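The structure appears right after this line, and notes come after that.
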Amino acid sequence: MSDTDRKNPGDEDAPGTKQTGENTCPTCSGSGRLGEKPCPDCGGTGLITAIVGDA
Ligand SMILES: [Zn+2]
């Protein structure tokens, strides 16, 4: 597995997958932190990979 395949729990699909885009993490509101800890859903980036699609 390469770094580009890495997926955070809050990601809806793996980064680089078709019809996905970066979105603000709803869990931490893009801050990347949840209280004293890095947000577990986005891995502390504040961004998640969301499926955007066409439908
Ligand atoms: Zn987050």
Side-chain angles (χ1 to χ4, degrees):
M1 242 184 162
S2 69
D3 279 353
T4 52
D5 293 327
R6 198 173 53 185
K7 193 166 171 291
N8 290 315
D11 290 339
E12 293 176 3
D13 214 329
T17 306
K18 270 189 182 177
Q19 297 191 336
T20 60
E22 286 193 328
N23 218 337
T24 303
C25 176
T27 304
C28 62
S29 301
S31 69
R33 300 192 68 80
L34 212 58
E36 300 289 308
K37 298 176 181 178
C39 174
D41 275 2
C42 61
T45 62
L47 294 169
I48 57 149
T49 302
I51 297 169
V52 288
D54 294 318

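Predicted model, so just to flag it, every value in this text is computed and none were measured. Just so it is clear, the values below take in all heavy atoms, side chains as well, and ignore hydrogens, waters and symmetry mates.
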Applied to residues 30-46, the side chain to side chain donor-acceptor pair (under 3.5 Å) test, sequence neighbours excluded, yields Thr27-Asp41
Value for CG (Leu34) from SG (Cys42), rounded to nearest 0.5 Å, stands at 8.5 Å
Contacts of Thr20 meeting side-chain contact (heavy atoms from CB on, under 4.5 Å) (sequence neighbours excluded), chain-then-number -> Asp13, Thr17, Thr49, Ile51
One should read off an interatomic distance between Asn23 CG and Leu47 CG, to the nearest 0.5 angstrom, of 8.0 Å
The side chain to side chain contact (heavy atoms under 4.5 Å, CB included) partner of Ile48 among Pro9, Cys25, Cys39 is Cys25
